[in-house]
Number of protein chains: 4
Amino acid sequence: MLRVGIVGVSGYGGGEIARLLLAHPSAKVTFVISNTYKDQPLYASFPGMRGRTDLVCRGIEHLGRVSDECDVVFLAQENGFAMKHAGALLDDGLKVIDLSADFRLRNLAQYPVYYKFEHASPSLMDLAVYGLPELYKEHITSSPLIANPGCYATGVALSLAPLAADGLVDPATVVVSAMSGVSGAGRSKHNLTYHFPELNESAAPYAIAGGHRHTPEVEQTLSDLAGSPWMLTFNPHLIPITRGILVTAVATLTSNQDAVDLLEQYRSFYHVERNCPFVNVLGPGELPATKHTAGTNYVHIGLSVDKRLRRVTVVAALDNLVKGAAGQAIQNMNLISGLPETTGLTMPAIWP
Amino acid sequence: MLRVGIVGVSGYGGGEIARLLLAHPSAKVTFVISNTYKDQPLYASFPGMRGRTDLVCRGIEHLGRVSDECDVVFLAQENGFAMKHAGALLDDGLKVIDLSADFRLRNLAQYPVYYKFEHASPSLMDLAVYGLPELYKEHITSSPLIANPGCYATGVALSLAPLAADGLVDPATVVVSAMSGVSGAGRSKHNLTYHFPELNESAAPYAIAGGHRHTPEVEQTLSDLAGSPWMLTFNPHLIPITRGILVTAVATLTSNQDAVDLLEQYRSFYHVERNCPFVNVLGPGELPATKHTAGTNYVHIGLSVDKRLRRVTVVAALDNLVKGAAGQAIQNMNLISGLPETTGLTMPAIWP
Amino acid sequence: MLRVGIVGVSGYGGGEIARLLLAHPSAKVTFVISNTYKDQPLYASFPGMRGRTDLVCRGIEHLGRVSDECDVVFLAQENGFAMKHAGALLDDGLKVIDLSADFRLRNLAQYPVYYKFEHASPSLMDLAVYGLPELYKEHITSSPLIANPGCYATGVALSLAPLAADGLVDPATVVVSAMSGVSGAGRSKHNLTYHFPELNESAAPYAIAGGHRHTPEVEQTLSDLAGSPWMLTFNPHLIPITRGILVTAVATLTSNQDAVDLLEQYRSFYHVERNCPFVNVLGPGELPATKHTAGTNYVHIGLSVDKRLRRVTVVAALDNLVKGAAGQAIQNMNLISGLPETTGLTMPAIWP
Amino acid sequence: MLRVGIVGVSGYGGGEIARLLLAHPSAKVTFVISNTYKDQPLYASFPGMRGRTDLVCRGIEHLGRVSDECDVVFLAQENGFAMKHAGALLDDGLKVIDLSADFRLRNLAQYPVYYKFEHASPSLMDLAVYGLPELYKEHITSSPLIANPGCYATGVALSLAPLAADGLVDPATVVVSAMSGVSGAGRSKHNLTYHFPELNESAAPYAIAGGHRHTPEVEQTLSDLAGSPWMLTFNPHLIPITRGILVTAVATLTSNQDAVDLLEQYRSFYHVERNCPFVNVLGPGELPATKHTAGTNYVHIGLSVDKRLRRVTVVAALDNLVKGAAGQAIQNMNLISGLPETTGLTMPAIWP
């Protein structure tokens, strides 16, 4: 039984890891840290866990003791935390899966631009692997330090990966629109923007036209696949749902392929060339919806071609807290621990 | 491995049974019937099951073949179906768990009043047991025919049961207000009332002041416990959430007990006298919310006392599709099959 | 043209007054105060007013100058503000309409119990009139200081008033359940409770069994009507809608009246004995929904009788920010200013 | 006083016209047709109009009598109705404002492609004017037959018009993503897709990559402005809000303009060159939200420039039922009737 610690358990990412691991057959949460709920039962933070766990939250001052009781630790803290503390945890022999952006960008010069701080431990970057299993599985399995991808980044990368890898579209034409449920903003950020009456019945863009932090992360991944630089316009929106990300990516095709051809190439990429159990490539004429993935670790991908303009529109749906965060983190945990990749992660979507 | 059939799998109740059993370690769905999705894969009806099951829906004309492939069958059809077909299924050796109202009311004269039809098979009523495990567990374990309770009825009965059993309130003073998410209306009932724009941002009563069909069902249960007739006013409301029932029951106390005393008696009733793993009795000052039970088989119960008027207000929250329908049905399946009652049902609430 | 000031314009109550007065033919907002948006245009606080007003918010230090530019002032501040400042404003010759609880309770001993402070200006209470026009219109028209009722209190009082006035129910049996949209919590209270992901898809009780502050306010009104003390159990709930209050009140009838009789008495009370243009008494079998009143100053009232138990259930729907706050405040402004009561307030509900 | 008829009053478009005209100072609805609510009061269809109107719906067989009682008639029926009936209504001397697509497309060959029928009255197309006042005001004022634009089409055209008119972007690079509230689907289309539990908490694309009917309508308008053909990729999405459209349009700039420059050109286009009282051009760094326009006839437009890729992202928000349908129809009515364009249409957004 894998012994697991969660630092930042009372946030949405940390709490979702705890929730999913309560049903995991080969891992057990043994240690949880939350400053907000210090010395309180975990179910004080998540009333829906009442009757299911007796875990008590410890303060952050107990961070050094995680290695006494755990084999793997998930860091679900603000950006900037993991880069300061991962080194010591690794030295203690822990495997570390970080849900922040701290180890995602190989070009460290992007941290001051997008995150407003210098990277605090560049040397650790050599150990870190970007934890998107569909694209980096071999590297993940042998790494002690996983940079779990951003929620949007997961959706955008998976929606475009086959196109980038096989040169199917002109990289100078990629425009991505996306929308996210409000849980993506985090639990502690309960300001006026996310006050129910202000947000309900509204849809709004934010950080558009290059401003969003997931832009360089996605460009890094797609450039890896293409073997040459990819740059794209990424326009995120906030919509009044709790969970879910929908990515709508448009690009001009380099040849006259139709949707049937392209879907076949997607299936080949994800299911023949690679074994990607969490990617569902839809059929011709089928389109995904966020609700089809609610509570699951699956990504659903559909597409359509505008023949007049020879452009493809790819749409991907996922649960931002599962495949976009906690589920993917557990998928990574499974991989680095020698467990089957899907262990504890095969629940179908809650419906309705 | 228990082999399970589901008749009416494409509705919300039937689909939820399928979803939950995909994670059940000792049962496997082998046969599903849906006329609407006849000959289509189950995931055509529930896109969130794509990649998780290859089951294909069969037409209702295959009902007679369920016993070839199953040990237990769940009937999740309209009221009036089970009373016509359960006999043959029982004769075939199946255990039958019916989610409709067909076998709930022992006083058959109530069917014409509340359901507008005469009962079609009175003789089967001797076999049927009302499947509320917290109150009728011993009878359930040995029964081949379970009448799974209504969603509201489960919430109302459990919120009042300790008061009824121990004579703590005046039965002439019981007033119950309740609200339900829209999934309670069913999937096939997609009329104008449930059209998103009409219902969103609105709250409305319906079938108030004695008109709701769950009224006699609850009164039967509470009268059983009290040993004398209970009658109550039940006022249900529809609110724009997908899942969840909240029951707010008020009654005048027969003595000067405070909330601490009463909560202790609830705990005693549910956890000392009876072993009820799915009932969470809250602490003094704590109140439930439907979200605390979303996707779970748990009921959360809290209460408060108005000392000025010597009245108690008890509030119970549950998920109408799980503890109010499919989860409870599986709890009953576990009991009649000799499995631990909680098997496959211990997932904590999805949050947020 | 009546010149109007609003103190606390950037809250939901103050903003709604501003919004409604932009369409009022005989009043003009000339002075607005908001510390949060001090020196910013009003549309910085309410982007939906962009292009419609050039008003600039002033800091609270300008309170003394309201009388230079206004005839009437609305106070839309926290409880405790008006009782300190209304005196000076009245001395300056202003008519004052206060949306807080500061002048609602004639029994000042209730302030420490329900609001945790002593009343700061008992002498002003002689001037104040409770501003529920349907019941106190004659007193309102001649008063310089109006205590605008609470949102719940408006709904509960109007749903029960005809029963109380005419002795139609036993006052010892009154139980009220109610639910409110989240705007009722106010705009500045954007804490975790009202964070969209925590609240969406959930329903929860709060301050039940006598704990809610509107309880004494309602009892005062109903006791006035009955001529003897009324006490009731009031159980409020929070549901995930933005606007709207639904009140469901139950009481035992003193005679065998049916719904048709009672509705006739409601119509007589509101439309024959009194001229109440904003009360819509529904027909037999009709029930209200909050959406039927969204954005309006109307209250819709329906009822049903449980003959078995001789109990009536009355349901009232209203918009908590209009008839429950700003609209009623303007109705009061119309009355104290000699304008027709309905001026600027006859918009039908926004639908859908 | 203008006398107005509404054909199809019980749908969302027709009902919104009725609602808005109840507050219009110079027009009065005198005749309404709804087959669904034939011979019933209008408030049976819209309970929120109870107490505000005594209009009774007539059956469609009374269409020929509209001209006896009206000066202007709004047709708010399914596509295909107006092209059959507008001729007779015009012959009767009525001015006709049609909310369907029947008179929008000058290239009649597009009807079989996008609407699956041949145009039934090509000769009327010479009389018809596309009713987007911001771009076609002079033609509208003198026309007896107005083709009121589609909701998406209004948002897309207004978001891109200044760019198209002044050649600021490369027309070969235009990609538009948009999302709509569910009222856009109409009231009579209450099928499973729009059943509350299926749609709530979900976001989904539909008719993407050229499939949506508003594509040719928008291309016609932008081509008019540009003086040469514009073609674009239009990707609509359905999100769980009742009202509102958000359009996010991306295109590559032809020069190195920044957001400040572009916003100045938008203001010049809409407020110097043209008098467009309902267009709010936001400031640098400001972005719109649908809620900022809820219930109003305003469009809010903001934009941002991705300098790395020299692309502009323009975002426009509007209320699909007001500026996207009924409000714009009334704006057209004002113009063809010689009334000030803004008459009865200046209400600010309902908030929250």
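In this text, all values refer to a predicted model and were calculated from it rather than measured experimentally. Letters go in sequence order (proteins before strands), and every chain restarts at 1.
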Check whether any side-chain heavy atom of A:Arg308 sits under 4.5 Å from a side-chain heavy atom of D:Thr215, and report yes or no. yes

Output the distance between atom CG (A:Asp306) and atom CG (D:Asn235), rounded to the nearest 0.5 Å.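 Reported value, rounded in 0.5 Å steps: 8.5 Å.
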
For the interface with chain D, which of [options] has the highest count of heavy-atom pairs at distances below 4.5 Å?
options	answer
A:Ala172, A:Gly211, A:Ala203	A:Ala203
A:Ser202, A:Pro197, A:Ala259, A:Ser304	A:Ser202
A:Thr293, A:Thr248, A:Ile245	A:Thr248
A:Gly244, A:Pro288, A:Gly302	A:Pro288

For chain A, the option from [options] that forms the most heavy-atom pairs under 4.5 Å:
options	value
D:Val305, D:Leu238, D:Val312	D:Val305
D:Pro205, D:Gly210, D:Ser177, D:Pro352	D:Pro205
D:Leu199, D:Thr173, D:Leu287, D:Ile239	D:Leu287

Would you find a donor on one side and an acceptor on the other, under 3.5 Å apart, between the side chain of A:Lys291 and the backbone of D:Asn200? yes

At a 4.5 Å cut-off on heavy atoms, which part of [X] comes close to chain A: side chain, backbone, both, or neither?
X	answer
D:Val174	backbone
D:Tyr206	backbone
D:Ala294	neither
D:Ala317	neither
D:Ile208	both
D:Ser180	neither
D:His195	neither
D:Thr233	both

Using every non-hydrogen atom in the two residues, find where [X] and [Y] come nearest and quote the distance to one decimal.
X	Y	value
D:Leu309	A:Met231	CD2-CB, 3.9 Å
D:Thr242	A:Glu201	N-OE1, 2.9 Å
D:Pro240	A:Ile241	CG-CG2, 3.3 Å

Residues of residues 251-258 of chain A with a heavy atom under 4.5 Å from any heavy atom of chain D, in residue-number order, are none

Which atoms of A:Leu232 come close to chain D, meaning under 4.5 Å heavy atom to heavy atom: side chain ones, backbone ones, both, or neither? backbone

